[in-house]
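Note that these values count all heavy atoms, side chains included, but never hydrogens, waters or copies made by symmetry. Sequence positions, counted from 1, serve as the residue numbers for this chain. Small disclaimer: the values here were computed from a predicted structure and weren't measured.
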Amino acid sequence: MTTHAKRERLLFADLLEAAGAEAPTLCDGWKTRDLAAHVVVRERRADAAAGIMIGALKSRLERVQAEFAAKPYEELVQLVRTGPPKLSPFGLKQVDEAANTVEFYVHAEDVRRAQPDWSRRELDPVFADVLWSRMERTAKMLGRRSQVGLVLRRPDGRTVVARKGAPVVTVTGEPGELLLFAFGRQDVADVELAGDKDAVERLQLSRLGM
């Protein structure tokens, strides 16, 4: 049975392949080649990937990532598609599902929504609930830099508080759209914002995400 993470990985790889090596993405300064290299390094080079979270190792991360980005693009996309080596923790189904479901969903949209003719993808209810569950667990971390109180709400009324405080802005949308918003893709997320005008503007300028 194909897991959510596996399905999102294959979709991401297909989007990378279709877009080509030099297409824009929603990640500042990164083209598709750079985004693909980031994913491959994260899964295959733990010694360098630590630089994602540890500032002192950032230069090593950038160097290794540049080396992967210099590979032939077809090879790079194939590394994304086939996934990590067997000895990698990411090779374990449970780890892959926990660590990569959201990762690949967001990055697939980073490619899709950076193109001028993008269209919103409709998610099946089961996958939407999976994304919502991840949102509930990570909302406070993703919203920690919000300049205002932040509440995320599904159309059915289920909510999660991403940041306490006043004034409060309530962001309403489907789980996938809320997740993109919370990951800092405010400009492309299909959501509705309710709150004072000044608070809404401050939220839109906030640096949300990891």
Side-chain angles (χ1 to χ4, degrees), residues 4-5 8 12 25-30 34-35 38-39 41-43 46 48-62 65 89-90 95-111 113-114 123 127-210:
H4 296 297
E8 294 305 302
F12 176 50
T25 75
L26 297 182
C27 299
D28 287 343
W30 281 3
D34 305 303
L35 182 54
H38 158 75
V39 168
V41 170
R42 175 177 171 271
E43 292 192 317
I52 297 173
M53 302 299 294
I54 303 172
L57 300 178
K58 186 177 180 180
S59 61
R60 178 178 178 81
L61 169 63
E62 292 174 345
Q65 189 163 304
F90 288 105
V95 176
D96 183 45
E97 190 72 358
N100 285 331
T101 298
V102 169
E103 175 85 3
F104 286 120
Y105 169 73
V106 171
H107 285 328
E109 296 305 310
D110 283 336
V111 176
R113 300 191 187 205
L123 304 182
F127 186 49
D129 283 342
V130 168
L131 295 181
W132 177 252
S133 177
R134 303 297 174 85
M135 171 70 76
E136 290 180 311
R137 294 200 292 268
T138 61
K140 287 184 172 58
M141 179 180 65
L142 297 174
R144 67 192 184 282
R145 291 189 294 264
S146 173
Q147 299 179 36
V148 296
L150 175 58
V151 174
L152 305 172
R153 174 175 293 163
R154 295 181 66 164
D156 63 11
R158 280 180 280 179
T159 63
V160 60
V161 177
R163 184 169 176 81
K164 295 180 179 180
V168 176
V169 176
T170 299
V171 182
T172 302
E174 296 295 340
E177 302 302 313
L178 293 174
L179 194 66
L180 291 172
F181 188 93
F183 264 88
R185 280 65 171 177
Q186 292 102 308
D187 291 343
V188 298
D190 184 8
V191 295
E192 295 182 0
L193 282 65
D196 293 341
K197 180 180 178 181
D198 178 66
V200 169
E201 290 176 352
R202 289 167 62 191
L203 174 60
Q204 290 174 319
L205 292 173
S206 297
R207 186 168 160 261
L208 304 180
M210 301 296 286

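- When atom types are taken as modelled, the side chain of T101 and the backbone of E97 share a donor-acceptor pair closer than 3.5 angstrom.
- The pair E177-R113 meets the salt-bridge criterion, with a side-chain N (NZ, NE, NH1 or NH2) lying under 4.0 Å from an Asp/Glu carboxylate O.
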Inset, instruction - Mind running side-chain contact (heavy atoms from CB on, under 4.5 Å) on L193 and Q204 for me, showing each step along the way? - result: CA-CA 10 Å; L193 282 65; Q204 290 174 319; 4.0 Å; yes
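- A donor-acceptor pair under 3.5 Å is formed between the side chain of R145 and the backbone N or O of R207.
- Using a 4.5 Å cut-off on side-chain heavy atoms (C-beta onward), C27 and R185 make contact.
- In this structure, P167 and V148 approach most closely via the heavy-atom pair O-CB, 3.5 Å.
- Of the residues V200, V151, T159, L150, the one that meets the side-chain contact (heavy atoms from CB on, under 4.5 Å) test with V171 is L150.
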Inset, instruction - Test L203 against F181 for side-chain contact (heavy atoms from CB on, under 4.5 Å), laying out the working first. - result: CA-CA 10 Å; L203 174 60; F181 188 93; 3.8 Å; yes
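- Using a distance-only test at 3.5 Å, with no hydrogens or angles considered, a donor-acceptor pair links the side chain of R144 to the main chain of G209.
- Taking 4.5 Å as the limit, every side-chain heavy atom of P175 sits out of range of all side-chain heavy atoms of D129.
- Under 3.5 Å, the side chains of S206 and R202 contain no donor-acceptor pair of N or O atoms.
- Heavy-atom neighbours of D187 CG from other residues, nucleotides or ligands within 6.0 Å: at or below the threshold of 12.
- For the residue pair V160 and A139, the shortest heavy atom distance occurs at CG2-CB, 3.8 Å.
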Legend entry - Worked verdict on E174 versus L131 for side-chain contact (heavy atoms from CB on, under 4.5 Å): CA-CA 10 Å; E174 296 295 340; L131 295 181; over 6 Å; no
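- The backbone N or O of D198 lies less than 3.5 Å from no partner atom in the side chain of D196, so there is not a single donor-acceptor pair.
- For the side-chain hydrogen bond (donor to acceptor under 3.5 Å, both in side chains) criterion with N100, the lone passing option out of R42, H107, E8 is R42.
- L123 CG to W132 CH2: the interatomic distance, rounded to the nearest 0.5 Å, is 14.0 Å.
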